There are 2 protein chains.
Amino acid sequence: MSHRDDASPIPRPGGRTARVRADVLAAVERELAASGYDNLTIEAVAASSGVHRTTIYRRWGSVAGLLVDLLASGADDDWRPADTGALEGDLIRLNREVRDALVQQPSLTGAVIAASFRTAEAAEALTSFWQDRYVRSEIVVRRAIDRGEIPSDTDAQRLLIACTAPVYHQLVLLRQPMTRAAADRAAKDAAAAARARVYRR
Amino acid sequence: MSHRDDASPIPRPGGRTARVRADVLAAVERELAASGYDNLTIEAVAASSGVHRTTIYRRWGSVAGLLVDLLASGADDDWRPADTGALEGDLIRLNREVRDALVQQPSLTGAVIAASFRTAEAAEALTSFWQDRYVRSEIVVRRAIDRGEIPSDTDAQRLLIACTAPVYHQLVLLRQPMTRAAADRAAKDAAAAARARVYRR
DNA sequence: CTGTTAATGCAATCGATGTTGCATTAAGAT
DNA sequence: ATCTTAATGCAACATCGATTGCATTAACAG
């Protein structure tokens, strides 16, 4: 036989498929910036990208699929929490990142959260993303323990959630504005509570 | 003139309109229980209530409108936080209520949260509902201050959000199971932090 | 009882979203 | 250059949610 005789898909890394994907994801970002998540429709992405509707439906299936792919394509695998040398500083940096991601216009995070209430696909992408972030953030607690700032039996998950949950709650659920100072406040509160031995197992 | 000559709407409290509303809202609850929010469609409500689609569209406009009305009709205007005689106990009761409302199947609260990401109407209904609940909950902090449990300059909002936010975060955003004990844990942490003078202004 | 009118029921229709069959294009193999 | 084939483009169609015009019903006034 002269052609490929295995059943695996043929990779064409620099080919049309890759260009189409890049064009479409770029269009998703553009449209999101221009008209927000509510107006992010397959039609609009097709028009803006120059790729036909049918292709987008076939490859991504839905708006949620587009967002998931965008999230995946932009996944920062090298992300690490900042190291300021003190627990409070580290937590403040963490909360600022969270706040900025949610306040930013347009907010990709906000869009994915909204999408996660519509399709299981987006919900899973989001939970695994957050899961990963919380695990990576544990190093902040580890360092604080090593420095002797907080008890060695501090529950990292509880502390981290106590720190960031108020930010998400305020911005996503209560939908009220939150200043950077208020986000800092939440981080300082969590650090103070941890020093006061609140989050021990 | 023999008929009413003012332009105000004619009230017919026991009439067809009131029956239709009751039938429709009952059907919404039934359908929500039977098939969950994702399958809560105007069609299904119409079929289950025996009221015509058109009527529902005209009076409620959307699924979100139905949920908002259901939320309003069931609004417990007499709600007060429990008084257990201690801050920690009060906060635990608060968190258990929040958790139970979210874990319950079907969860009306969960449905409204999902709806709030689709229409501004539902979002407003939800924020005003929560706003009201947080204001009413401040009495818990007030009593703790009066008992001398916590500093008199404790920031009630910050404390209350520190207490409940982890529950919402875990169940709504992270979508992970949360035991009653874990909800209690969050309440105890918040109480301990308050006693450690963390939430002072 | 009779008249008036808002609310409801009904059918037809619209519009946007999503799908399918088939022709065309272009990446990569030879 | 030529061939093969997956990916894409295209148009027609299906589907569902939502709206509109008009007939009918029933609550209330007299």
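A quick note: this is a predicted structure, and the numbers were derived from the prediction, not measured. Lettering of chains follows the sequences in order, A, B, ..., and the numbering in each one begins at 1.
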Does the side chain of B:Arg59 get closer than 4.0 angstrom to OP1 or OP2 of C:dT8 through an N or O atom? yes
Consider only side-chain N and O atoms of A:Arg175 and B:Thr127, and report whether a donor and an acceptor are under 3.5 Å apart. no
Among residues at least two apart in sequence or on other chains, which ones pass salt bridge (Lys or Arg N to Asp or Glu O under 4.0 Å) with A:Arg118? none
Give the nucleotide from the list D:dA7, C:dG9, D:dT19 with an atom nearest to the side chain of B:Arg53. D:dT19
From CG of A:Asp38 across to C1' of C:dA16 the rounded distance in Å is 16 Å
OP1, OP2 of C:dT17 versus side-chain N and O of A:Thr41: anything below 4.0 Å? yes
Distance-only donor-acceptor check, side chains B:Asp23 and B:Ser49, under 3.5 Å: no
Kindly state whether the ring of A:Trp130 and the ring of A:Tyr168 have centres lying under 6.0 angstrom apart. yes
Whether over 12 other heavy atoms sit under 6.0 Å from B:Arg93 CZ: no
Looking at A:Asp184 and A:Arg180, is any side-chain nitrogen of the basic one under 4.0 Å from a carboxylate oxygen of the acidic one? no
Kindly indicate whether the side chain of A:Arg16 and the base of C:dA27 share any N or O donor-acceptor pair separated by less than 3.5 Å? no
Atom-pair distance (CD1 on A:Ile56; P on C:dT19), nearest Å: 14 Å
Angle by which the axis turns from one end of the helix from C:dC1-D:dG30 to C:dT30-D:dA1 to the other, five pairs per end, to 10 degrees: 30°
Quick one: is D:dA26 close enough that its OP1 or OP2 comes under 4.0 Å of any side-chain N or O from B:Arg19? no
From CG of A:Asp23 over to P of C:dA26, roughly how many Å is that when rounded to an integer? 14 Å
Under 3.5 Å, side chain of B:Thr154 to main-chain N/O of B:Ala156, donor-acceptor pair present? no
Just the rounded figure in Å: distance from C1' of D:dA7 to NE2 of A:His52. 14 Å
Can you tell me if B:Tyr57 touches the phosphate of D:dA18, counting only side-chain N or O atoms and a distance under 4.0 Å to OP1 or OP2? yes
Atom CD1 of A:Ile42 and atom C1' of C:dT19 are separated, to the nearest Å, by 13 Å
Taking CG from B:Asn39 and C1' from D:dG17, how many angstroms apart are they, rounded to a whole number? 15 Å
Spacing between A:Glu43 atom CD and C:dG18 atom P, to the nearest angstrom: 9 Å
Please confirm whether the shortest side-chain N or O distance from A:Thr55 to OP1 or OP2 of D:dG9 is below 4.0 Å. yes
Considering only D:dG17, C:dG9, D:dA7, which nucleotide approaches the side chain of B:Arg58 most closely? C:dG9
